[in-house]
Amino acid sequence: MAARRSDAVTKGIERAPHRSLFRALGLSDEELDRPLIGVVNSYNEVIPGHQSLRQVADAVKAGVRMAGGTPMEVNVLGICDGIAMNHAGMCYSLASRELVVDSVESMAQAHAFDGLVLVASCDKIVPGMLMAAARLNIPSIIVSGGPMLAGRWGEQAVDLQDVFSAVGAVASGSMTEAQLDELERVACPGCGSCAGMFTANTMNCLTEALGMALPGNGTVPAVAGARLVLARRTGMRILDLVREDTKPLDIMTKAAFTNGLSVDMALGGSSNTVLHLLAVAHEARVDLSLDEIGRISARTPHLCRMSPAVGGHHIEDLDRAGGIPGVQARLAEAGLLERDVTTVAAGGLDGLLAKAAVSDAGVIRTLADPYSTTGGLVVLMGNLAPQGAVIKKAALPPDKQRLRGPARVFDSEEAATKAIMARQFEVGDVLVIRYEGPKGGPGMREMLTPTSILSGMGLDGQVMLLTDGRFSGATRGAAIGHVSPEAAARGPIAAIRDGDSVVLDIPAGSITVELSDEEIRERLAELPTWEPRVERGYLRRYARLVTSANTGAVLTEE
């Protein structure tokens, strides 16, 4: 029998103390002779998307045992972005991704697991699991808890984004507080990752497209019995991957990232996926740049209109229409998928495409009838973002692709939100929220609250928001994020002053401020030395080590 990683803790007389500890857990000789599979569960009682992960992990463990392995469940942390939103807690959201990666690495290496099943659902946890799989490069597979069903408010399908937007509607007088209370109680009807094509669901869909999860991972609803069947099959499949010695770096190749990005653009996924895929590629040692992402977007049709786009479908609709295999089949028709790739699924991509079918062309449009001939995400360059910025074009009205307006500058999300609630801006303004990047935040907070309030006020596309922070996958409107370099790194966004003219041109892929290079340099030279906002703890260390958004906001090795 070929040597296993777990032999380091189960074989030989010198491992008698190790075996003694395993026996204290109740493991038999037979169980110690089988491959040890780490079931890494990010369950907690805070995140709705993780509420069902105990059941999912139990199903995974059943599958592992069915296939002849010994499952061992371990845990990692998870933060709920919705609950962390618009207060100091959001500083920890993106930063927690690196803690997930380090935790998985630590648990897998310390206990010499032969393979990993990574169980997660939500925003930073899923990319953290992918990054850890790439870093460790031992047989691994991911399974999520699945998406939440949309809520119902009267005849309207609703989700968390509608609640955020309703705050703005109440502030503008177009909705009563009693109506907001009604909406709040029905928008999130149960467990699962929030029902739109927000960051969590986009990443779960892209995990399929990368080849690191079985079909259905991104779209089968959390409450469906099929979700537990998928989890058991995932537990069974990891034993095949261990026996075949199929590793994440065999799967997450350059071609796989190209496929993942093509699906992302067809879906009109969260702008955060750009940040996360860059970080996963970094761990996988795959050369991926914003320029390449821009080229993939330019050639890929936008085929699905999902919430948060106005009138968009929800993930349950995408699942019913054919799921991610249906989207991949459309892209394959256009020659936009790399076929020579390995996946965790038996039969690989060709086997998946042979079974794929689209049952509703209203949800997954044909190549002849796309929402747009280019992707739902656009990479912007210009003197305001010389290293790039990102906008979710799919969530912006088609007649708002070119905008110009005077800057209204804020040095924090809180200051901007206060001004928006007090209507201290004009239609046509460009609200600049800076010092919210990876270093400056620290932690590159999501700006869902200010964008949602504007949306609720009926100002989608009429007020532009620009930040070196991030926008939630639930954001809609003219929201440009990831501006790089960030203000804390002396990027040009730090030089903007109230009244400066900012120009967005999505067809040209540009975001500029009408200042000369010399004016920008002079203003930046006048700025005081930047220091992290926090004095101690993890966030101060994070601020010192984190890189810019255009590189995925990964930590430096130095």
Side-chain angles (χ1 to χ4, degrees), residues 6 21-28 30-78 80 100 103-104 107-108 111 113-122 125-126 128-130 132-133 138-149 189-193 200-201 203-204 207-208 212-242 319 344-346:
S6 60
L21 291 168
F22 282 125
R23 295 185 195 285
L25 298 173
L27 294 187
S28 65
E30 291 81 4
E31 287 169 307
L32 290 175
D33 280 339
R34 297 168 184 163
L36 298 186
I37 305 300
V39 179
V40 184
N41 190 357
S42 54
Y43 166 81
N44 63 44
E45 294 185 340
V46 180
I47 310 176
H50 290 211
Q51 185 181 17
S52 62
L53 291 192
R54 276 181 171 170
Q55 276 186 299
V56 171
D58 284 345
V60 167
K61 289 185 286 185
V64 170
R65 293 188 185 100
M66 289 165 66
T70 298
M72 307 202 75
E73 185 175 349
V74 298
N75 295 95
V76 297
L77 62 79
C80 178
V100 170
S103 294
V104 176
M107 295 301 286
H111 301 111
F113 294 136
D114 296 301
L116 297 174
V117 179
L118 304 163
V119 185
S121 273
C122 291
I125 304 100
V126 174
M129 297 287 202
L130 283 167
I138 62 176
S140 302
I141 188 171
I142 291 180
V143 63
S144 78
M148 185 185 294
L149 296 176
C191 67
S193 43
N201 287 326
M203 286 306 307
N204 284 322
T207 300
E208 273 190 61
M212 285 296 294
L214 296 179
N217 179 70
T219 61
V220 173
V223 297
R227 175 57 55 176
L228 298 182
V229 174
L230 175 64
R232 278 194 295 278
R233 286 177 175 161
T234 299
M236 296 175 70
R237 184 61 183 154
I238 187 60
L239 271 298
D240 295 328
L241 299 177
V242 169
D319 186 62
V344 295

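What you see is a predicted model; the values in this text were computed from it and never measured.
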Looking only at heavy atoms, what is the nearest atom pair of [X] and [Y], with distance?
X: Ser193; Y: Asn204; result: OG-ND2, 4.2 Å
X: Leu228; Y: Ala59; result: O-CB, 3.7 Å
X: Ala200; Y: Ser121; result: CB-O, 3.5 Å
X: Pro71; Y: Lys61; result: CB-CG, 3.6 Å
X: Tyr43; Y: Arg54; result: CE2-NE, 3.3 Å
X: Asn217; Y: Val143; result: OD1-CA, 3.3 Å

[X] vs [Y] side-chain heavy atoms within contact, under 4.5 Å:
X: Phe113; Y: Val74; result: yes
X: Val223; Y: Cys191; result: yes
X: Val40; Y: Met107; result: no
X: Ile238; Y: Leu116; result: no
X: Pro35; Y: Ser6; result: no
X: Arg233; Y: Leu214; result: yes
X: Leu53; Y: Ile47; result: no

I need the [X] [atom1] to [Y] [atom2] distance, nearest 0.5 Å.
X: Glu45; Y: His50; atom1: CD; atom2: NE2; result: 13.5 Å
X: Leu239; Y: Ile37; atom1: CG; atom2: CD1; result: 5.0 Å
X: Thr70; Y: Leu32; atom1: OG1; atom2: CG; result: 7.0 Å
X: Thr234; Y: Leu230; atom1: OG1; atom2: CG; result: 4.5 Å
X: Ser140; Y: Leu241; atom1: OG; atom2: CG; result: 8.5 Å
X: Leu27; Y: Met72; atom1: CG; atom2: CE; result: 5.0 Å

- request: List the steps, then state whether side chain to side chain contact (heavy atoms under 4.5 Å, CB included) holds for His111 with Leu36.
  value: CA-CA 9 Å; His111 301 111; Leu36 298 186; over 6 Å; no
message: Atom CZ of residue position Arg34 - does it have more than 12 heavy atoms of other residues, nucleotides or ligands inside 6.0 Å?
response: yes
When you measure from the side chain of [X] to the backbone N and O of [Y], does any donor-acceptor pair fall under 3.5 Å?
X: Arg227; Y: Ala222; result: no
X: Arg232; Y: Ala62; result: no
X: Glu208; Y: Gly216; result: yes

message: For Glu73 and Asn41: C-alpha separation, side-chain torsions, deciding distance, then whether side-chain hydrogen bond (donor to acceptor under 3.5 Å, both in side chains) applies.
response: CA-CA 7 Å; Glu73 185 175 349; Asn41 190 357; 2.9 Å; yes
- request: Dump the intermediate steps for side chain to side chain contact (heavy atoms under 4.5 Å, CB included) on Val100 and Leu77, then the final yes or no.
  value: CA-CA 7 Å; Val100 170; Leu77 62 79; 4.0 Å; yes
message: Would Leu130 and Met203 count as a side chain to side chain contact (heavy atoms under 4.5 Å, CB included) here? Give the steps.
response: CA-CA 10 Å; Leu130 283 167; Met203 286 306 307; 4.0 Å; yes
